Each structure stands twice: as C-alpha cells, then as structure tokens.
Amino acid sequence: MKIVVVGTGYVGLVSGVCFSDFGHEVICVDKDQAKIDMLRGGKVPIFEPNLDTLMQSNMAAERLSFTDNLASALEGVDAVFIAVGTPTRRGDGHADLQYVFAAAEEIAKSLTGYAVIVTKSTVPVGTNREVEKVMRAAVPDLDFDVCSNPEFLREGAAIEDFMRPDRVVIGVETERAADVMHAIYRPLSLRDYPVLETDLETAELIKYAANAFLATKITFINEMAMLCEKVGGDIQMVAKGMGMDARIGNKFLQAGPGYGGSCFPKDTLALARIGQEHASPMRIVETVIEANERVKARMIDKILEMCDDNLRDKKIVVLGVTFKPNTDDMRDAPSLTIVPALIGRGAEVIVVDPQGQAEGEALLPHVKWIENPYRAVNNADAVVVLTEWNEFRGLNLKRIAKKMRSPRMADLRNVYNRQDVLDAGFEAYVPVGIG
Ligand code: UDX
C-alpha cells in the first residue's frame with residue numbers, strides 16, 4: 001500500500017513510522033519546512049521512546065520519506081491519513097476543525113485517482129461526512145471514500161500501542177474502502193489483533209467514549225482518594241480491591257493530581273459539547289470535567305497544609321511537571337495549575353524534570369530549573385512529587401532529607417511508603433488518598 005500522512009505531529013508521525021514498519025510505502029507531509037528538514041535528517045521533534053530508531057531504520061529501507069509537497073506525494077496513493085491538530089477552540093470548548101477541512105480540500109485538489117481519505121485526528125461525530133462534503137464541493141467528480149480510524153496511542157508507549165493494539169477501529173461506508181483499510185492493517189489482523197469495522201459515526205463515537213470513560217475512571221478514584229483522606233482509608237488498597245473485580249479491572253485506578261495531557265481534557269470537553277448540541281447532555285462527563293479541576297485544587301491545599309498554611313518565601317522543589325512520565329508533553333499538565341498557585345502564594349519553586357524543560361520554560365516562567373534532584377533540594381522546605389518519572393521512584397531519601405531546611409514531602413503519585421520516608425528523616429509525608 002502507498003500511504004500519505006498529512007501532519008507530522010504526535011499522531012501523524014507515530015502512525016507514519018509504524019505503517020512504514022509494516023512494510024507500506026509512507027510519505028509524511030507537513031507545511032512546516034523546518035520540521036521536514038529535521039525529520040529528513042533523522043531527528044524526531046518530540047520525545048517518544050524508540051521513535052527515532054524506528055524512523056531511521058525505515059528511512060534507510062526507503063519505505064519512509066518526508067516532504068512539504070502534498071501534490072507530488074499523492075501520486076498513486078491508496079490512503080491519505082489526516083492527522084492534523086484539532087485543538088480546543090477558544091471560548092466554546094469545541095474541537096477546532098479548520099486544519100482538518102483545509103487539509104481535506106487541499107487533498108481533493110491534488111488527488112489523481114481513487115484513494116481512501118482517513119481521519120486519524122480526534123474529531124466530533126459527523127466530521128467525516130463533513131470532510132466528504134468539503135472534498136466533493138472542491139472537486140465534484142472525485143473518486144474517493146472517507147474512513148474514520150481513531151487512534152488510541154498513549155504518549156510514552158505509542159509504538160507499543162500501535163504495534164500491539166487492544167483493537168483497531170475502522171469506520172467505513174463502502175467495501176472498497178474497507179478492503180484498503182484491512183490491507184493496511186493486515187500485519188496486525190494476521191497476528192489476531194482485532195480490527196473492528198463500523199459505520200462512520202460509530203467509529204467517531206468509540207474514540208470519545210473510550211477517552212471519556214477512562215477520564216471518568218481516574219476521576220472516580222481521585223474522588224474516592226479524597227474521601228479516604230477524610231474517613232481514614234487507603235486508596236491503593238481500595239483500588240486493588242475494586243480492580244480485582246474483572247468487570248472493573250485494575251487499570252487506570254491510580255489516584256493522583258488529576259488527569260492531563262493532549263487527549264482527556266480536550267476530548268471530555270468536546271464530548272460534553274457534542275451532547276449539549278444534540279440535546280443529549282453527557283452529565284457524567286460534565287461532572288468529571290469539574291471534578292478534575294477540584295482534584296487539582298485539592299493538591300494545592302494539601303501542599304499548603306503541609307507547609308503550615310504559609311508558602312511565603314518557602315523553597316519548594318517540584319519533581320516532574322510533564323503530564324505523565326516518558327514524555328516532554330506539558331499540555332494540560334496538572335503542574336500548570338499547581339505550580340503557578342504555589343508561586344502566587346509566595347513560594348520559590350524549583351523544578352526537576354528529565355524532559356520537560358524545553359516545553360515547560362515558556363509555560364512556567366517563574367520557576368528555576370535544576371537537573372539534579374540532589375542539588376535542587378538544598379535548603380528546600382518541601383518536595384512535591386508531581387510526575388512519577390522512574391528517576392524519582394528510588395531517590396536516596398536520607399540524602400535528600402539531610403540537605404533540606406525542613407524535610408517535608410507531598411507525594412502526589414504515591415510512589416513512596418510513609419514509613420520509609422519518615423525513617424529517612426522527613427518530618428512530614430503527605431500522599432494522596434491515604435488517611
Ligand atoms: C490517552 C489514552 O490513554 C489514549 O488511548 C488516547 O488515545 C490518548 O489519550 P495519554 O494522554 O497519552 O493517552 O496518557 P494516559 O496514560 O492515558 O494518561 C492520561 C492522564 O491520566 C495522565 O495525566 C495520567 O497521569 C493520568 N492517569 C492515568 C492517572 O492519573 N491515573 C491513572 O490510573 C492513569
């Protein structure tokens with residue numbers, strides 16, 4: 001199969017690289033010439049484990065290439081994947097589809113033979129039909145089909161998720177389009193990974209339903225964690241006990257400072273909007289969005305309480321600011337709410353993050369970045385574990401406690417054990433959901 005991927009952001013690049021690894025011929029297209037130059041030089045603009053080596057080996061095998069020229073890339077193509085951004089539109093919470101439609105129109109104008117136009121970007125229900133209309137309006141006699149093929153990639157584990165998916169969803173309307181899509185994903189179906197074929201709207205809904213449900217699961221455990229703190233209970237054991245019920249499952253029940261990232265916040269907002277628009281309110285999702293904000297606010301209170309309700313001139317070391325480990329992504333990270341709140345209350349904040357600085361510098365302008373956690377904690381009044389990078393899981397706590405002015409730890413990811421922290425010389429240990 002010959003595949004063109006439009007947009008070399010996170011989803012586009014991972015998909016393009018993995019499709020080429022399946023043996024397909026892939027051309028990734030982006031308007032950003034600097035990015036294309038970087039990719040041609042074998043460099044990946046984002047941090048994603050193993051993506052660079054997989055990209056380089058497929059480039060060397062001449063299955064993968066990059067260009068800013070869409071028209072030439074489309075020559076003889078079987079499927080064109082639209083993987084451009086769908087950010088939340090300012091003001092109304094809707095997904096902004098201008099880049100999707102602009103890409104669709106441009107593809108229509110350059111297509112020379114039959115191809116399947118696949119939407120990989122997360123888009124509201126009905127968008128694929130809109131894409132079809134935009135393309136027909138641009139070139140009325142064009143021979144093409146549309147397909148919805150949502151992605152379910154976790155940052156930091158995207159290649160693994162692509163190569164060993166729980167399922168692939170393809171929303172199609174014609175047998176011809178279905179045949180092309182099944183051929184593209186044949187390397188997966190051959191190894192018994194399920195490929196679920198549905199209509200367009202159902203495929204679009206599956207993506208939102210899955211992400212909103214996962215965000216709900218996390219928020220549920222986060223609210224339970226707050227209750228555990230009030231009544232005395234251990235959220236880790238509650239999660240374990242709940243998760244042992246096969247109907248519930250043990251995944252995504254890790255209490256923390258609230259969900260963030262490029263998908264859950266944006267997709268829950270968009271689904272709530274879609275519900276309102278169709279007079280079918282998604283009350284649970286609306287509540288989850290609100291509750292997640294409360295969870296983040298509660299983290300600020302916890303740090304404040306631990307520091308005797310006074311952060312003025314206190315030196316606080318924040319370990320991890322990316323929305324989760326193994327990524328440099330700061331989008332909607334809880335740190336973006338929590339860190340400015342600490343600074344606003346007069347604290348001096350020092351940040352340690354293995355990958356977050358490049359993106360984080362502009363977003364967290366008043367913090368100091370230090371690479372080494374042991375240097376960062378000199379004379380500090382509190383340490384806050386905000387993102388559970390492996391680097392922060394096995395710190396020498398005695399060494400840290402000794403260097404601090406007043407050794408206190410807020411462990412917002414529950415990576416440590418209370419007794420170990422206290423035995424190391426800390427005066428206070430504040431986990432999440434352990435009352
Ligand atoms: C998510 C989905 O998992 C993926 O399928 C989708 O298509 C894109 O969005 P991602 O945003 O990369 O992936 O990260 P994920 O691992 O799902 O975590 C999202 C957020 O939830 C993070 O802020 C994480 O810290 C938080 N989380 C996750 C918890 O707080 N507790 C958990 O148990 C799991």
Side-chain angles (χ1 to χ4, degrees), residues 10 44-52 153-161 218 222 236 251-265 295-296 299 302-303 315-339 342 349-364 367-378 380 382-401 403-404 407-418 420-421 424 426 429-433:
Y10 191 84
V44 174
I46 47 169
F47 175 76
E48 178 63 34
N50 304 324
L51 185 58
D52 49 357
L153 309 174
R154 281 166 308 161
E155 294 192 16
I159 293 173
E160 172 74 12
D161 283 353
I218 297 167
N222 283 338
Q236 313 263 68
K251 295 197 179 128
F252 275 63
L253 285 178
Q254 175 67 45
Y259 62 78
S262 60
C263 287
F264 290 171
V295 170
K296 290 190 263 183
M299 298 301 128
K302 281 166 83 77
I303 299 167
K315 186 168 163 182
I316 300 184
V317 177
V318 174
L319 300 180
V321 286
T322 52
F323 83 95
K324 68 175 200 177
N326 298 326
T327 177
D328 58 355
D329 202 333
M330 294 283 302
R331 280 177 284 181
D332 276 306
S335 65
L336 298 179
T337 308
I338 296 167
V339 170
L342 303 180
V349 175
I350 309 220
V351 171
V352 186
D353 192 290
Q355 291 291 338
Q357 185 170 358
E359 250 202 74
E361 263 175 340
L363 298 166
L364 297 171
V367 307
K368 187 168 170 194
W369 298 80
I370 294 186
E371 259 175 53
N372 183 325
Y374 298 101
R375 261 201 294 122
V377 296
N378 257 337
V383 165
V384 178
V385 180
L386 194 45
T387 310
E388 70 281 31
W389 285 91
N390 273 339
E391 285 88 334
F392 304 144
R393 287 178 181 274
L395 292 167
N396 182 335
L397 296 176
K398 267 195 185 145
R399 199 172 148 199
I400 291 194
K403 291 188 152 197
M404 292 178 71
R408 292 182 264 219
M409 180 191 282
D411 180 3
L412 307 184
R413 298 285 184 171
N414 289 346
V415 298
Y416 288 105
N417 168 283
R418 185 193 299 272
D420 291 348
V421 178
F426 277 80
Y429 174 71
V430 177
V432 172

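Values in this document were obtained by computation on a predicted structure and should not be read as measured data. Side chains are part of it too, since the values below use all heavy atoms of this structure and drop only hydrogens, waters and symmetry mates.
In this structure, R408 forms no cation-pi arrangement with F426, as its terminal cationic atom is not both closer than 6.0 Å to the ring centre and no more than 45° off the ring axis.
S262 and E155 share a donor-acceptor pair across their side chains, judged by distance under 3.5 Å alone.
Between the side chain of K315 and the main chain of N378, a donor-acceptor pair closer than 3.5 Å is present.
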| field | Pair L319-W389, side-chain contact (heavy atoms from CB on, under 4.5 Å): steps then yes or no | value | CA-CA 8 Å; L319 300 180; W389 285 91; over 6 Å; no

| request: Determine, stepwise, if the pair V295 / I218 fulfils side-chain contact (heavy atoms from CB on, under 4.5 Å). | output: CA-CA 11 Å; V295 170; I218 297 167; over 6 Å; no

| query | When you look at Y374 and L395, which way does the side-chain contact (heavy atoms from CB on, under 4.5 Å) test go after all the steps? | reply | CA-CA 9 Å; Y374 298 101; L395 292 167; 3.8 Å; yes

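The salt bridge (Lys or Arg N to Asp or Glu O under 4.0 Å) search around D328 returns none, not counting sequence neighbours. E388 meets the salt bridge (Lys or Arg N to Asp or Glu O under 4.0 Å) test with R413; sequence neighbours excluded.
Using a 4.0 Å cut-off between charged nitrogen and carboxylate oxygen, E48 and R154 do not count as a salt-bridge pair.
Minimum interatomic distance between V384 and I316 (heavy atoms only, all atoms of both residues): CG2-CG2, 3.7 Å.
With contacts defined as side-chain heavy-atom distances shorter than 4.5 Å, the pair S335/M330 qualifies. At a threshold of 4.5 Å between non-hydrogen side-chain atoms, the residues K296 and P257 do not count as touching. With contacts defined as side-chain heavy-atom distances shorter than 4.5 Å, the pair N414/Q236 qualifies.
Interatomic distance, F323 CZ to T387 OG1, rounded to the nearest 0.5 Å: 9.5 Å.
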